[in-house]
Each structure stands twice: as C-alpha cells, then as structure tokens.
K.L.:
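Attaching a single structure in structure tokens format; questions to follow.
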Amino acid sequence: MIKVANISKSFGKNIAVNNISFEIKEGENFILLGTSGSGKTTMLRMINRLISPSSGTIHLNHKNVLDIPVEKLRREIGYVLQRNSLFPHYTVAENIAVVPKLLHWDKKKIEEKTVALLHKFRLPKERLSSYPNELSGGEAQRVNLARAIIANPAVLLMDEPFGALDPVTRISIRKEFSELEEFKKKTILMVTHDVQEAFELADRICLIDKGKIMQVGTPKELLFRPANDFVQQFFEQTHFQLSVTTTFLNDIWSYVNANEPNNSNIKLDFAPETSLWKVIEVLTLNKKNDTQVNVQLKNDDQNKRATLEELMNAFVQYKNNF
Ligand SMILES: Nc1ncnc2c1ncn2[C@@H]1O[C@H](COP(=O)(O)OP(=O)(O)OP(=O)(O)O)[C@@H](O)[C@H]1O
Ligand SMILES: [Mg+2]
C-alpha cells in the first residue's frame with residue numbers, strides 16, 4: 001500500500017531523514033518509533049507531499065505520489081497532525097465536514113456520518129456546535145481523529161495522535177481507537193515516541209534514530225532479535241514488561257513440561273491467548289506463585305499444569321529460541 005524507497009531529506013546541512021526504505025502492506029498498522037528530532041514528522045510530511053524529499057521515491061498503491069494530484073492524494077490519505085490542527089473559527093461539525101464538503105456529499109449524509117462518529121468517540125452531540133477553544137485537549141483530539149477518518153481514506157497517517165494527552169486519557173482514547181472497525185481494517189502509519197503505545201498498536205515497528213532506520217520488525221523481533229546495540233539499549237528499561245505483554249501462554253506452551261498436579265489445592269484456568277503479563281499479575285497479586293496454572297489448548301487436548309516458576313523457565317527457553 002505504501003512503498004518508501006531510499007528517501008532522504010536535508011534541511012541545509014541537517015539530514016533529517018537519511019536513506020529510509022520500508023513497505024507497508026494493506027491493513028497493516030506500521031509504527032515509526034524514535035526519539036525527538038529523529039525525523040518522524042518529516043517522513044510523514046513527505047508521504048502526504050506537504051514537503052518534497054531530497055531524493056528517493058514514495059509509492060501509494062503502486063503509484064508514485066508525485067503523479068497523484070495533491071487534492072486526490074489528500075482525500076486518499078487521512079492525516080492526524082502532531083499538534084491540534086482544528087480550524088479555530090469552524091465549529092466541531094464544520095471541522096469534521098471539511099473533506100466531505102470537498103467530496104460534495106449531501107448535507108444529510110455529512111450529518112449522519114458526523115453524528116455516528118461522535119457517538120463512536122463518545123463525544124456528546126452538543127459538542128457539534130462548539131468551537132475548538134471550548135474543547136478539552138482530549139475532546140479536540142477525538143474530533144481530530146473523527147475528521148481524519150470520516151471520508152474513509154485508504155490510508156491513515158497519524159503523528160503522535162495521543163501525544164498531547166495526560167496518561168490516563170491517553171490510554172483510554174488509545175483503547176477506544178484500537179477497538180474501532182476503521183482502525184482494524186485501515187492501513188495505518190503512525191508516529192510515536194511512546195514505546196508502550198507502539199507495542200500496543202503495532203503490527204510492525206520501524207525504530208529510527210537520527211534519520212536512519214535501526215530496525216524494522218514485529219514487536220517481538222525488536223525485543224528478542226535486536227539488530228544492534230542501539231535497539232537493545234532502546235528497550236532496556238522496559239524489556240521485561242514488553243516481553244511478557246507480547247508473549248502469550250500459547251507461545252511458550254510447548255516449552256512447558258506436562259506435570260502431574262502438585263498438592264496445592266488452588267488451581268487457576270487460563271485461556272491459551274492470555275498474556276504472560278496477565279498470568280503473572282493474577283498469580284503474584286494473589287501471592288499464589290506456587291499455584292499451578294491449568295491450561296487447555298484449543299487444538300490440543302493436552303491439559304498441562306505449571307507453576308509460575310515453570311512458566312518463567314519456559315518463557316526463557318522460548319525467548320532464547322525465537
Ligand atoms: N522545515 C524545517 N526546516 C528546517 N529543519 C527542519 C524542518 N523540519 C524539521 N527540521 C529538522 O529535522 C529534524 C527532524 O525533525 P522532525 O520534526 O521530523 O522530528 P520528529 O522525529 O518528528 O521529532 P518529535 O518527536 O520531536 O516530533 C530536526 O532536527 C528538525 O529540526
Ligand atoms: Mg514530530
């Protein structure tokens with residue numbers, strides 16, 4: 001859906017993006033992750049032709065973006081800017097209607113879609129006549145998201161869409177968004193510097209530093225098969241938590257030895273899709289670390305039992321063999 005080939009962009013002597021290539025498949029959630037100034041926004045702006053690359057090519061659906069008229073390109077790509085970009089003199093309804101109006105939708109269709117989207121993003125209907133300065137940061141961000149997806153663009157570019165929010169609101173909007181049909185189906189290129197966020201939403205992550213790609217891969221590939229010291233160090237602080245949230249009982253189960261039940265009388269059942277994080281949480285919060293976990297795998301009627309310690313041993317083996 002998106003193919004970026006050898007893209008570079010310099011501002012004077014400063015090389016903001018340095019020979020970046022990646023491909024994003026249809027329906028994929030691809031996340032550009034990197035620290036401040038690493039070139040993430042610059043990369044997005046080139047895809048949308050807000051700025052032009054110094055060298056390299058970008059294809060959208062097999063067409064060079066330079067050959068697509070800008071208006072058409074902007075309709076095919078929904079863009080959520082890093083900073084709140086609502087028009088201050090337009091109401092919420094008018095802000096959301098910008099692209100539909102360009103597409104000559106009739107009034108009724110615009111109204112229906114807008115109301116449906118507000119409902120999805122849990123904004124009260126009264127907000128339709130509010131102006132951006134009357135919205136909280138979280139509300140404005142929701143309107144931004146609604147505006148970007150109303151015309152059902154094939155591709156969504158999102159630049160730190162949850163960045164300006166407090167951690168609690170951030171997690172709840174992120175969760176709402178990730179549960180939307182649109183999110184699940186669309187091709188999304190999202191920028192963030194929040195590692196947790198990247199791991200929660202990404203099919204694949206592209207970690208960049210100083211305009212260069214350090215590694216492209218699934219969250220687990222970055223964790224368990226880091227391409228270089230930079231990647232390793234980038235996740236050092238959060239490595240354990242990220243690893244156990246992205247690893248499921250299913251993954252490690254073949255490394256667990258089938259056990260006879262021990263004499264503990266507490267037994268917990270977990271579905272195979274349960275994350276290791278969840279299992280640890282339940283077992284440790286209840287101080288039941290000698291409790292056996294009982295899991296029945298779907299395609300396998302082997303019912304194994306394991307204690308937390310045995311699970312962690314299996315996890316280490318899984319990680320080492322990844
Ligand atoms: N229009 C511009 N003119 C000159 N330099 C620019 C311009 N836009 C970006 N830069 C420089 O390019 C580099 C990358 O900037 P960019 O905005 O892409 O970073 P970023 O990864 O999005 O950072 P952040 O996480 O802080 O948003 C920075 O050094 C920045 O100063
Ligand atoms: Mg940026």
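All ligand and atom numbering here is 1-based and tracks the order in the structure.
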K.L.:
Between the side chains of Glu179 and Lys175, is the shortest nitrogen-to-carboxylate-oxygen separation below 4.0 Å, so that they form an ion pair?
P.N.:
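Salt bridge present between Lys175 and Glu179.
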
K.L.:
Would you mind writing out the side-chain donor-acceptor pairs for residues 102-110 within the sub-3.5 Å range, not counting sequence neighbours?
P.N.:
| from | atom 1 | to | atom 2 | distance (Å) |
| --- | --- | --- | --- | --- |
| Asp106 | OD1 | Lys108 | N | 3.1 |
| Asp106 | OD1 | Lys109 | N | 2.9 |
| Lys108 | NZ | Glu112 | OE2 | 3.3 |

K.L.:
Listing residue and atom name, which protein N/O/S atoms are closer to the Mg ion (ligand 2) than 2.8 Å?
P.N.:
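Checking every protein N, O and S atom gives Thr41 OG1, Gln82 OE1.
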
K.L.:
Could you note down all residue pairs passing ring pair (Phe, Tyr, Trp, His ring centres under 6.0 Å) where residues 8-61 supplies at least one of them, sequence neighbours left out?
P.N.:
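Sorted result for residues 8-61: Phe22-Phe30.
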
K.L.:
Would you sort out whether Lys25 and Asp203 count as a salt bridge (charged side-chain N to carboxylate O under 4.0 Å, His left out), showing the intermediate values?
P.N.:
CA-CA 10 Å; Lys25 295 186 228 56; Asp203 293 317; over 6 Å; no

K.L.:
Run the side-chain contact (heavy atoms from CB on, under 4.5 Å) check on Asn257 and Glu310 step by step: do they pass?
P.N.:
CA-CA 8 Å; Asn257 298 318; Glu310 286 162 340; over 6 Å; no

K.L.:
Quick test of your reading of the model: are Glu71 and Arg74 salt-bridged, counting only N-O distances below 4.0 Å?
P.N.:
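Salt bridge absent between Glu71 and Arg74.
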
K.L.:
Could you label the plane-to-plane angle of the Phe224 and Phe315 rings as parallel, tilted or perpendicular, counting under 30° as parallel and over 60° as perpendicular?
P.N.:
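Rings of Phe224 and Phe315: perpendicular, over 60°.
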
K.L.:
Given Val216 and Arg204, is the side-chain contact (heavy atoms from CB on, under 4.5 Å) satisfied, shown in steps?
P.N.:
CA-CA 7 Å; Val216 182; Arg204 282 189 305 147; 3.7 Å; yes

K.L.:
Would you say the side-chain atoms of Tyr255 and Lys319 include a donor-acceptor pair closer than 3.5 Å?
P.N.:
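No, no side-chain donor-acceptor pair sits under 3.5 Å.
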
K.L.:
Can you list every protein residue that has a heavy atom under 4.0 Å from any atom of ligand 1, sorted by chain and residue number?
P.N.:
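Near ligand 1, by chain and number: Phe11, Asn14, Ala16, Thr35, Ser36, Gly37, Ser38, Gly39, Lys40, Thr41, Thr42, Gln82, Glu160.
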
